[in-house]
Amino acid sequence: MKVAMVSEHASPLATLGGVDAGGQNVHVAALAGALADRGHDVVVYTRADSSDLPPRVQMGPGVAVDHVPAGPAVQVAKDDLLPYMGEFADVLAMRWRADPPDVVHAHFWMSGVASINAAATCGVSVLQTFHALGTVKRRWQGDADTSPAARIELERHVACAASRIIATCTDEVAELSAMGVPVGHVDVVPCGVDLSLFTPAAGPARPQRRPPRLLIVGRLVPRKGVEEAIRALALIPDAELVVVGGPGADELDQDPEVVRLRQVMAECGVAQRVRLTGHLPHEDLPAMIRSSDVLLAVPWYEPFGITALEAMACGVPVVASAVGGMLDTVVPGVTGLLAASRDPDSIAAAIEELLSDEHRRAAMGRAGAERVRRYYGWEQVAERTEESYARALRHQPVSSPQRVLR
Ligand code: UDP
């Protein structure tokens with residue numbers, strides 16, 4: 001199949017860990033590569049956010065990245081990108097009329113808006129992965145949600161106009177259903193893990209680290225729960241917390257979220273026991289994860305939560321919030337423990353339970369690694385995505401989808 005993947009803000013070539021660069025970038029890069037490995041021809045369309053970018057980059061065999069000129073050729077926060085989606089759609093429509101793909105797979109709601117609009121001019125099927133839903137974001141972030149006002153309504157239109165939705169977890173299906181989307185339209189296909197990169201430690205289990213190390217990896221935005229992890233640490237006197245993500249180490253002092261988190265550390269009296277590393281290259285993460293005793297994935301809400309899987313793949317047990325994708329990926333009591341989200345007491349109790357039992361931790365690490373290998377390799381994820389594409393093609397709409405913008 002000729003697959004057009006659309007990922008407006010999240011380039012598969014971007015550096016990870018910044019405010020807007022995380023799981024979606026990893027997902028699009030890895031899924032495109034895995035589909036190409038299965039013989040498909042993939043072009044990823046992403047917005048050109050620098051004037052230095054070549055129009056097209058060959059990312060690997062069977063995967064090209066097309067830099068779409070839409071809006072200024074500089075970085076723009078994703079919540080400010082909607083005004084450029086009309087232009088983005090026009091470029092897609094031009095490309096697809098000249099060389100029609102078999103399927104379009106849009107990632108994030110604005111890619112869906114652009115893809116549905118472009119597809120309306122050339123009649124190809126669009127599959128949609130939301131990665132995050134505006135309704136959920138609004139529920140948790142309230143007035144702090146900087147998404148465009150039209151997001152929730154446009155998301156509903158995209159969900160109904162797309163041939164199929166690929167949800168990344170079961171919880172998302174319930175959210176889509178509450179939005180009025182027919183669940184028969186939805187396939188659940190999880191995100192995956194690079195099993196050649198994220199591997200368990202070789203050799204015998206290392207002795208208990210002193211002090212025990214807790215690790216949290218992710219973008220430094222409040223909803224990722226770093227504040228709650230710091231408050232949980234204050235309840236565990238003998239552990240250290242390493243926080244990976246955010247800007248590079250030399251820019252941490254200027255980062256407003258870092259300034260806020262340092263205030264929380266000082267208030268809790270744990271500044272000496274928390275280390276912020278800043279962004280680390282993806283390739284360095286497995287060693288960092290293996291050096292820790294427990295990985296914390298404790299966001300307020302989470303469409304998927306790749307870091308929990310990455311830890312399991314490395315044989316490290318997880319304390320995760322009982323939300324979103326982690327309800328599917330983490331098996332409580334087997335590969336880690338679930339805690340109430342935004343609840344430092346509950347997070348601390350789960351951490352203490354794991355730190356108190358070295359053998360249980362090791363057993364959970366083994367079970368996590370086995371679970372990830374069985375269900376979450378990109379090969380399996382690509383195969384299930386391909387099945388969803390085939391389903392969409394079988395039920396191709398007679399008419400082109402309706403435009404949802406302008
Ligand atoms: N990541 C990274 N370096 C960093 C911070 C994060 O490589 O400094 C990666 C991390 O390994 C994971 C992704 O960024 O693959 C974050 O994905 P997740 O699903 O946890 O969060 P999202 O960013 O999608 O909300």
Side-chain angles (χ1 to χ4, degrees), residues 7 9-31 33 77-79 107-109 129-133 136-137 140-141 147 167-169 171-172 190-199 215-226 229 242-252 255 257-258 275-292 295-314 316 318-321 323-330 336 341 372 376 378 381:
S7 181
H9 73 279
S11 168
L13 302 169
T15 308
L16 302 172
V19 168
D20 284 340
Q24 187 177 327
N25 307 66
V26 173
H27 182 100
V28 169
L31 180 60
K78 71 172 185 275
D79 287 340
H107 295 262
F108 203 58
W109 69 278
T129 296
F130 282 106
H131 290 275
L133 286 172
V136 179
K137 187 169 186 188
W140 284 96
Q141 300 207 355
S147 304
T168 52
C169 68
D171 189 56
E172 192 183 330
C191 299
V193 184
D194 181 345
L195 296 176
S196 59
L197 183 63
F198 291 88
T199 52
L215 175 67
I216 188 161
V217 178
R219 294 176 292 127
L220 286 189
V221 290
R223 73 116 171 145
K224 284 292 178 182
V226 179
V242 178
V243 181
V244 174
D250 49 350
E251 293 160 49
L252 284 175
D255 187 276
E257 181 62 1
V258 171
R275 182 156 68 90
L276 302 173
T277 66
H279 159 78
L280 287 187
H282 201 53
E283 297 67 36
D284 293 357
L285 283 181
M288 177 55 96
I289 293 173
R290 287 191 292 260
S291 80
S292 65
L295 179 117
L296 308 183
V298 288
W300 304 349
Y301 63 94
E302 189 59 89
F304 188 74
I306 295 183
T307 60
L309 275 193
E310 289 169 346
M312 282 159 59
C314 290
V316 171
V318 177
V319 167
S321 327
V323 294
M326 274 114 53
L327 293 169
D328 292 348
T329 55
V330 178
S341 86
V372 171
Y376 297 101
W378 281 109
V381 173

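Note that the structure is predicted; figures quoted are calculated from it, not measured. Order of appearance sets the numbers: ligands from 1, and atoms from 1 within every ligand. What you see below is based on every heavy atom in this structure, not just the backbone, and it leaves out hydrogens, waters and symmetry mates.
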Counting from 1, what ligand 1 atoms have a heavy atom of [X] closer than 4.0 Å?
X: Ile306; answer: 15 (O), 17 (O), 18 (P), 19 (O), 20 (O)
X: Val26; answer: 15 (O)
X: Val217; answer: 5 (C), 6 (C)
X: Arg223; answer: 25 (O)
X: Val244; answer: 8 (O)
X: Gly305; answer: 19 (O)

Distance-only side-chain donor-acceptor flag, Gln24 / Ser7, under 3.5 Å: yes

Identity of the nearest option to atom 3 (N) of ligand 1, non-hydrogen atoms only, from Leu309, Leu197, Leu280: Leu280

Nearest option to atom 1 (N) of ligand 1, as decided by whichever heavy atom of Leu285, Val193, Ile216 sits closest: Leu285

With sequence neighbours excluded, residues passing ring pair (Phe, Tyr, Trp, His ring centres under 6.0 Å) with Phe130: none

Ring pair (Phe, Tyr, Trp, His ring centres under 6.0 Å) against Trp378, all qualifying residues, sequence neighbours excluded: His27

Heavy-atom side-chain contact between Glu310 and His282 under 4.5 Å: yes

Steps toward side-chain contact (heavy atoms from CB on, under 4.5 Å) verdict (Val298, Ser341): CA-CA 6 Å; Val298 288; Ser341 86; over 6 Å; no

Whether Lys224 lies under 4.0 Å from ligand 1, heavy atom: yes

Non-hydrogen atom of Met326 closer than 4.0 Å to ligand 1: no

From CD (Glu257) to CG (Leu276), nearest 0.5 Å: 10.0 Å

Residue portion contacting ligand 1 (non-hydrogen atoms closer than 4.0 Å) for Met288: neither

Worked check of side-chain contact (heavy atoms from CB on, under 4.5 Å) between Val323 and Asp171: CA-CA 8 Å; Val323 294; Asp171 189 56; over 6 Å; no

